[in-house]
**Student:** 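First the structure, which I've put down as structure tokens, then a few questions once you've had a look.
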Amino acid sequence: MSKRIHGLAIAAAFALLMPALAAADPIVGVWKTEPDRKNLTSHIKITACGKNFCGQIQSAYDSSGKEVQTPNIGKKLFWDVSSQGDGAYGGGEFWVPLINVDAVPQMTLQGDTLKVKGCEHHLCAHQTWTRL
């Protein structure tokens, strides 16, 4: 096998492996948010999107724990977030539904808690999510 063909085979194998590595990342799973200003909590499903991560609003609940329907269910909450090592995640974009703006996400994973922060210019919002 020539070096060129061998190199292409390694590159192809690596390209196939990258999504699998992202899918095995500890951030992948379903997370419960803190109550928002409407006193609703949401379940956010984080999945691998290529080599990065996306979060989608899976469901929402009122203060009594009853599932409620909102127009945001099914929408992407963040996309193109990448692992930066040591439990830190960032890059990509984060949509803040209550004020309908896109922000720059910063996330820190510590066990079964995920500290989520989104900033747009000098305005920042943050929450701590828990793994379900």
**Student:** Do you reckon Leu109 sits in the same ILVMFWY cluster as Leu132, going by side-chain contacts under 4.5 Å, direct or chained?
**Tutor:**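 No.
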**Student:** Nearest 0.5 angstrom please: Ile27 CD1 to Ile46 CD1, how far?
**Tutor:**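 Answer for the CD1-CD1 pair, Ile27 versus Ile46, is 4.5 Å.
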**Student:** OH/Tyr89 to OG/Ser83 distance, rounded to the nearest 0.5 angstrom?
**Tutor:** 4.5 Å
**Student:** State the NZ-OG1 distance between Lys32 and Thr41, to the nearest 0.5 angstrom.
**Tutor:**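 So the gap between those two atoms works out to 5.0 Å.
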**Student:** Checking Asn72 against Trp95: is there a side-chain donor and acceptor pair closer than 3.5 Å?
**Tutor:**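 No donor-acceptor contact under 3.5 Å links the two side chains.
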**Student:** Any side-chain heavy atom of Phe53 within less than 4.5 Å of one from Asp25?
**Tutor:**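 Yes - at least one pair of side-chain heavy atoms lies under 4.5 Å apart.
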**Student:** Assess whether side-chain contact (heavy atoms from CB on, under 4.5 Å) is satisfied between Phe94 and Val116, documenting all intermediate values.
**Tutor:** CA-CA 10 Å; Phe94 193 97; Val116 179; 3.6 Å; yes
**Student:** Quick one: CE on Met107 to NZ on Lys115, what's the gap to the nearest 0.5 Å?
**Tutor:** 14.0 Å
**Student:** Write down the atom of Trp31, the atom of Asp112, and the distance for their closest heavy-atom approach.
**Tutor:**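 Between these two residues, the closest heavy atoms are CZ3-O, 3.5 Å.
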**Student:** Under the criterion side-chain contact (heavy atoms from CB on, under 4.5 Å), I'd like the reasoning laid out for Leu114 against Arg131: C-alpha separation, chi angles, the key distance, then a yes or no.
**Tutor:** CA-CA 8 Å; Leu114 184 63; Arg131 185 184 303 277; over 6 Å; no
**Student:** With heavy-atom distances below 4.5 Å as the criterion, would you say the side chains of Phe78 and Asp102 are in contact?
**Tutor:** no
**Student:** Checking side-chain contact (heavy atoms from CB on, under 4.5 Å) for the pair Ile44/Val30: CA distance, chi angles, key distance, verdict?
**Tutor:** CA-CA 5 Å; Ile44 310 301; Val30 180; over 6 Å; no
**Student:** Contact between Pro105 and Lys117 at the side-chain level, heavy atoms closer than 4.5 Å - yes or no?
**Tutor:**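 Side-chain contact under 4.5 Å: no.
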**Student:** Quick one: pull up CG in Asn39 and CG in Asp62 and give me the separation to the nearest 0.5 Å.
**Tutor:**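 Going from the CG atom of Asn39 to the CG atom of Asp62 covers 8.5 Å.
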**Student:** For a quick test of reading the model, state the closest non-hydrogen atom pair linking Lys75 to Pro71 and the distance between them.
**Tutor:**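 Minimum heavy-atom separation between Lys75 and Pro71: CE-O, 3.3 Å.
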**Student:** Do you know which two heavy atoms are closest between Ala103 and Gly118, and how far apart they sit?
**Tutor:**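 In terms of heavy atoms, the two residues are closest at CB-C, 3.8 Å.
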**Student:** Minimum heavy-atom separation for Glu67 to Ser59, with atom names?
**Tutor:** OE2-CB, 3.6 Å
**Student:** To check you understand the geometry: which heavy-atom pair defines the closest contact between Val28 and Ala48, and what is its length?
**Tutor:** CG2-N, 4.3 Å
**Student:** Applying side-chain contact (heavy atoms from CB on, under 4.5 Å), run through Leu40 and Tyr61 and close with a yes or a no.
**Tutor:** CA-CA 5 Å; Leu40 297 177; Tyr61 302 87; over 6 Å; no
**Student:** Using a 3.5 Å distance criterion without hydrogens, assess whether the side chain of Thr33 forms a donor-acceptor pair with backbone atoms of Ser42.
**Tutor:** yes
**Student:** Nearest 0.5 Å please: distance from the NZ atom of Lys76 over to the CD atom of Glu93.
**Tutor:** 11.5 Å
**Student:** Please determine whether residues Val104 and Leu77 belong to a single hydrophobic cluster, defined as Ile, Leu, Val, Met, Phe, Trp and Tyr linked transitively by side-chain heavy-atom distances below 4.5 Å.
**Tutor:** no
